[in-house]
Number of protein chains: 2
Amino acid sequence: MPPADTPDVPANVQSARTLFDVLECVKEGQGKTVSEVSAELDYARSTVHRHLRTLEDLEYIVHRGEGYHLGLRFLDFGMNARDNYAGYDLIRQKVAEIAETTGERCQFFVEEHEDAVYLARSVGENAVQTDPGIGSRIPLYAASAGKAILAEFSEQKLSDYIEHVTFEQLTTKTITDPDVLREELAQIRERGYSFNRQETLCGTHAVGVAVTDADGRPIGGLSVTGPSHRLKGEHFENELPDLLLGAANELELNIAFS
Amino acid sequence: MPPADTPDVPANVQSARTLFDVLECVKEGQGKTVSEVSAELDYARSTVHRHLRTLEDLEYIVHRGEGYHLGLRFLDFGMNARDNYAGYDLIRQKVAEIAETTGERCQFFVEEHEDAVYLARSVGENAVQTDPGIGSRIPLYAASAGKAILAEFSEQKLSDYIEHVTFEQLTTKTITDPDVLREELAQIRERGYSFNRQETLCGTHAVGVAVTDADGRPIGGLSVTGPSHRLKGEHFENELPDLLLGAANELELNIAFS
DNA sequence: AAATATGTTCGATATCATCGGACACCTACA
DNA sequence: TGTAGGTGTCCGATGATATCGAACATATTT
């Protein structure tokens, strides 16, 4: 067999994997006990116990009530990771602004480890309810902003991406064919913006644009999402793209000068 | 020497400490290189390199530009940890509401590993700028909401706390004497709310109350902070406490029935 | 009271995390 | 051009340790 996949990268800290397996498991369903985690991950109870105790001693998890919960130090980590993105404040403001003027959901994604990650989000209707789902991930090829980001990738990066990624069928419309994706990206490059017609979620449309830095490399992607019966026709195909292109342009300028 | 402090808890996953040392270091000043982290932590370059590579392979950190940055998976962790607190939405709303009506900063703390951690915060003036500093920590004895929480501790828990904690002098007014603290807590218990007169930061006053669950155990603490020249007299000593007590009561009811 | 499940501790063993050293690469700077 | 200092990366040896299974304690249930 060829060394196709490098199944286990050599010279890694093995216990780190165990540790994060445990953490992810605790994250998944908070309040889990030692035995539950042990059963789910197929590690010896004593091993899980050791890790959980270590994590608690180091104050990264908490033993509240019956089971274990992620500690708030991760909130600190997360805020740091978020604020570390140049222009985050500007991005957040712009996202809220677009959500308000359009009355639809607006979000900003960044690319990380070949995934699209929500960095900011706002839901229009009530300005209070902001940032739902921040930090969660979806495949780049299945998000309008994600496709807009992919369209800005160099040929080299794109080839790498297409080779590594495993396409998942989120809906019947999700792009799962490399050639179709390349074709779509070419169109996006030409137009300057991307559409998403029920490729992420049935009944949901979206428009997306890439936001690039001074050197033209993508910082992230901005998109507006809404029900397909509302996002259609002229509004969907012209007005929203124009709005987003303007917003992206403004963002790019502001970020460059901050 | 007596086994007073249990300096190193036995049977812990040692490499976890190294791992989190590295992570904290990367968090501290984002964009650090292998050598910088190695020098700062006094681990061999190869060791740091190994950990960083592992963390990158597992997609918890990112190699952007010159150095390493915390990955956005921690944002996901953090949001999970935050949302895991029962009634977080209600808390956030209430905090925003209080900030708006008072025009001062309002925040909600929870206790975790004997620290007060910001769970929600709002700054009054512009409702957009919300949640600054979420996830950061201050000593319980040095925050008004923290003292309110301490006042609800059982004698057992309080004794443990006072024994473990190392008092730090944040300002000249910070309480650093166990007896003074106990005295203060007794007063708070009697009154039902706590004051903070420049004990955290010079020129800053605050009022705090505890929020308890159905069983009377503290969920967290609610407080209003502002410049000492504005928070004084009748307003500070009566109006704000009343407002906060009402808010806490309302919160307690809403959380109990959610 | 027996029985099941769960948290916790312990001992043995093979694994592995750590370190220091070596190499390759890059940038200055002479 | 060549040397010197810095950095990222790889490697080998060794002492430390993460893992497992078993055993014990405790709690809850039957």
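Order of the sequence lines fixes the chain letters, A, B, ..., with proteins taken first and strands second; residue numbering starts at 1 for each chain.
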*Give a yes or no on whether a salt bridge exists between A:Arg217 and A:Glu152, defined as a side-chain N under 4.0 angstrom from a carboxylate O.*
no
*asked:* Is B:Arg45 close enough to D:dT7 that one of its side-chain N or O atoms is under 4.0 Å from OP1 or OP2 there?
replied: no
*What's the NE2-C1' distance between B:His63 and D:dT9, to the nearest Å?*
12 Å
*Starting from P on D:dA18, measure out to CZ on B:Arg17 and report it in whole angstrom.*
12 Å
*Round to the nearest Å and state the distance from A:Asn12 atom CG to C:dA17 atom P.*
9 Å
*asked:* In this structure, how many angstroms lie between the C1' atom of D:dT7 and the CG atom of B:Leu52, rounded?
replied: 13 Å
*In terms of side-chain heavy atoms of A:Val13, which of D:dA18, C:dT18, C:dT9 is nearest?*
C:dT18
*Looking at B:Leu55, B:Leu19, B:Leu72, which one forms a side chain to side chain contact (heavy atoms under 4.5 Å, CB included) with B:Tyr60?*
B:Leu55
*Taking the side chain of B:Ser35 as heavy atoms from C-beta outward, which of D:dG8, C:dC10, D:dA18 is closest to it?*
D:dG8
*Nearest-nucleotide comparison on DNA chain C, the residue closer to the 5′ end among A:Glu36 and B:Ser15*: A:Glu36
*May I ask you to verify if any side-chain N or O of A:Thr47 is less than 4.0 angstrom from the OP1 or OP2 atom of D:dC20?*
yes
*For A:Thr33 and A:Tyr68, what are the C-alpha separation, side-chain angles and deciding distance, and is it a side-chain contact (heavy atoms from CB on, under 4.5 Å)?*
CA-CA 6 Å; A:Thr33 65; A:Tyr68 290 91; 6.0 Å; no
*With no hydrogens and no angle check, is any side-chain donor or acceptor of A:His51 less than 3.5 Å from a backbone partner on B:Ala16?*
no
*Just how far, in rounded Å, is P of D:dT28 from CD of A:Glu66?*
9 Å
*Over how many whole Å does the gap from B:Arg50 atom CZ to D:dG12 atom P extend?*
14 Å
*Under 4.0 Å between a side-chain N or O of B:His49 and OP1 or OP2 of D:dG8?*
no
*Any side-chain N or O of B:Arg53 less than 4.0 Å from the OP1 or OP2 oxygen of D:dC10?*
yes
*C:dT18, D:dC20, D:dT19: which one has an atom nearest the side-chain heavy atoms of A:Ala44?*
D:dC20
*Given atom CG of B:Asp42 and atom C1' of C:dC19, what is their separation to the nearest angstrom?*
12 Å
*Starting at atom CD of A:Gln14, determine the distance to atom C1' of D:dC20, rounded to an integer number of angstrom.*
16 Å
*Measure up the B:Phe20 and A:Phe77 rings against each other and bin them: parallel (under 30°), tilted (30 to 60°), perpendicular (over 60°).*
tilted
*Where the side chain of B:Tyr43 is concerned, which of D:dT9, D:dT17, C:dC19 is the nearest nucleotide?*
C:dC19
*Which part of the nucleic acid does B:Ser46 contact within heavy-atom distance under 4.0 Å: base, sugar-phosphate only, or nothing?*
base
_Less than 4.0 angstrom between a side-chain N/O of A:His51 and OP1 or OP2 of D:dT19, yes or no?_
yes
